[in-house]
Chemist: 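Below you'll find the structure I mean.
Letters A, B, ... mirror the listed sequences (proteins, then strands); counts begin at 1. These numbers were taken from a predicted model, which means no experiment stands behind them.
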Amino acid sequence: MAKHGFDIKKQTGFGTIAIACFILLYTPIFLLIIYSFNSGTSIAAWEGFSWRWYVSAWENEQVQDATVRSLVIAFWASAIATSVAVMAALATTRTPKFKGQTAAFAMINQPLMVPEIVTAVALLILFSVIKVATGYTGLLYLIIAHAAFCIPFAYLPIRARLQGMDLSLEQAAADLYASPFLVFRRVTLPQLWPGILAGAMLAFVISLDDVVITEFVKSAGQDTLPTYMLGQLRRVITPEINAISTVLLGISVFMVVAFTLLSKIRN
Amino acid sequence: MFTGISAITAYCLDTGTGDTNLTTAIHARNLRKVYPGNPPVEALAGVDLEIGDNEFFTLLGPSGCGKTTMLRLIAGFEHPTGGTLEMFGKDLLDLPPYKRPINTVFQSYALFPHLTVAQNIAFGLEMLGKPKAEIKATVDEMMELVQMTAMADRQTSQISGGQQQRVALARALAPKPRVLLLDEPLSALDFKLRKEMQLELKRLQTETGITFIFVTHDQEEALTMSDRIAVMGGGSIRQIGSPRDIYDRPAERFVADFIGDTNFLPAQIKSVEGDVAQVLLASGKTVTAHLPEGVAREGAVTLAVRPEQASLTTSETGLLSGMIDNIVYFGTDTHVHMTLEDGTTFVLRQQNSADSTLEYEKGDRAAVRFGANVAQVLKD
């Protein structure tokens with residue numbers, strides 16, 4: 001232990017503030033989970049334990065429909081975003097420094113900086129033009145929109161892993177007669193996959209959770225789980241919403257834990 | 001079924017035998033490398049170099065002297081700013097690293113962590129598209145050559161540093177390159193293992209007949225293993241020669257200073273005959289010294305004398321006299337540190353033996369003697 005170092009944990013009131021923060025952060029979530037098991041119809045008055053809202057959500061055709069749509073969009077969006085992110089990460093870490101590299105980096109991460117509502121409005125306008133011109137109103141708009149804002153979330157862990165990798169391994173492969181493609185397939189990719197998987201999972205969760213852009217881009221009857229839930233708020237709120245939220249929370253926690261573990265895999 | 005020896009012999013026959021020593025493996029002309037920056041860094045300032053086939057050639061120098069840049073240019077990881085580079089008479093510069101019949105043993109070994117020992121060794125052969133049976137035979141042969149057969153299926157993280165070193169060597173030798181580059185491959189090993197590997201590398205080079213280009217900053221390593229050494233400093237080659245030449249006949253102060261310990265003495269040239277000069281020491285006495293080509297043939301010069309070439313004597317027979325500052329015992333030998341009358345410091349080394357005792361003590365006055373033609377006149 002350093003005797004003279006500044007240790008914030010030793011400051012007066014540190015523990016109190018920390019506990020207060022945790023309570024503020026997690027009490028709402030705990031309440032949400034608890035009331036998802038309420039046997040009554042209220043989301044505020046406890047009437048006893050029951051699985052009824054989970055069963056009701058499971059049997060609700062609108063929920064089933066929205067869930068499938070959410071998963072389909074999240075799957076394709078994260079797949080596209082991850083492929084693009086891998087290429088972008090290779091281009092920004094495995095090429096000699098080029099002019100405008102910083103600008104390229106900023107552009108890749110643009111969805112993190114630009115207010116989501118701005119992107120949403122912009123996409124709404126663009127897609128309306130295309131819809132009018134082509135008549136196509138399918139899921140592709142949502143998939144493309146989701147893929148676009150998922151790119152930076154997939155890109156960052158992949159890039160971090162590429163930067164952490166020993167460059168001499170790729171040089172060794174090239175030295176042993178591997179063409180650039182074979183270097184990637186036989187040496188880079190086998191070491192990069194935890195990063196790719198982590199990036200894909202993060203992108204999946206981000207897509208699954210999106211409300212703003214989806215709300216603007218979706219056509220009629222294209223509710224995803226979050227937009228369906230938002231729609232329900234305008235009507236009667238039952239603990240069914242709590243049950244769906246709890247399941248979504250479970251999926252997200254699982255994905256984030258898996259993401260953290262994957263990021264830690266070395267070689 | 002191949003045996004290790006027959007495969008190696010077959011390879012040696014491939015490259016020809018009799019006149020191989022006359023063939024130039026690597027030929028660099030005015031090779032330059034400047035790294036852009038502010039200010040730009042000149043890593044290689046026009047290097048001319050010819051490395052013979054079957055040669056154990058060492059690039060020796062302090063860090064930043066350009067030796068690693070030279071190696072990376074030959075491997076193809078860097079592109080030169082100017083000059084030409086040929087291998088067996090063919091231009092190398094247009095070929096990417098994966099098209100050059102050159103393999104490298106990296107300083108960090110750079111073993112593929114996701115592959116086993118045998119898979120690492122097989123990598124180059126697979127990339128060359130060799131048939132499976134041939135790959136297996138060569139891998140077995142290579143593992144035998146570096147005594148790693150028992151470790152074939154181990155992960156590279158499960159073997160020791162010395163073993164990783166052997167795998168890196170086997171992996172680079174397996175595709176039977178014409179030239180093998182070794183980038184300080186022994187620097188991560190402990191002292192005893194390093195000694196063993198020095199002999200091992202020399203043996204492998206002799207057995208395979210492959211041209212080895214070895215990069216090191218360790219002068220002892222260079223002296224023990226090399227056929228020829230190029231001493232590099234400041235991005236250029238300062239001297240090329242056999243280990244003996246380099247050690248006994250350093251051409252300039254930089255080389256004499258870098259290789260081994262050397263005493264530098266101020267002197268004046270009195271007369272010159274061929275490569276022998278009569279030089280006047282600060283004490284007023286005259287001694288015969290070796291005068292290499294390209295060194296000033298008159299006026300003030302610097303003489304280099306190795307510590308083990310000098311001995312202590314009485315002041316009448318000595319060339320230079322002074323005071324003993326310190327006597328340090330080193331086990332096999334004893335170092336005597338002196339300050340000469342003109343203020344120059346001088347170190348001499350005397351071998352210890354059962355019946356010899358040093359008759360001098362710290363603080364004594366003594367004289368230094370060295371033989372005719374032992375001292376070397378240096379280019380400054």
Chemist: Between His146(A) and Thr214(A), is any side-chain donor less than 3.5 angstrom from a side-chain acceptor?
Modeler: yes
Chemist: Against chain A, label Ser108(B) side chain, backbone, both or neither, depending on which of its atoms sit under 4.5 Å from a heavy atom there.
Modeler: side chain
Chemist: Heavy-atom distance under 4.5 Å to chain A: side chain of Glu126(B), backbone, both or neither?
Modeler: side chain
Chemist: Per the side chain to side chain contact (heavy atoms under 4.5 Å, CB included) rule, which among Val179(B), Asp183(B), Leu182(B), Thr104(B) passes with Ile213(B)?
Modeler: Val179(B)
Chemist: Does the Asn109(A) side chain pair with the main chain of Leu112(A), one donor and one acceptor, at a distance under 3.5 Å?
Modeler: no
Chemist: So for Leu111(B), is it side chain, backbone, both, or neither that comes closer than 4.5 Å to the heavy atoms of chain A?
Modeler: backbone
Chemist: Can you classify the ring geometry of Phe22(A) versus Tyr26(A) as parallel (below 30°), tilted (30 to 60°) or perpendicular (above 60°)?
Modeler: parallel
Chemist: Quick check: does any side chain N or O of Asn103(B) sit under 3.5 Å from a backbone N or O of Leu173(B), one acting as donor and the other as acceptor?
Modeler: no
Chemist: At a 4.5 Å cut-off on heavy atoms, which part of Phe106(B) comes close to chain A: side chain, backbone, both, or neither?
Modeler: side chain
Chemist: Side chain, backbone, both or neither: which part of Arg171(B) has an atom under 4.5 Å from a heavy atom of chain A?
Modeler: both
Chemist: Please classify the contact between Asp166(A) and chain B as side chain, backbone, both or neither, with a heavy-atom cut-off of under 4.5 Å.
Modeler: side chain
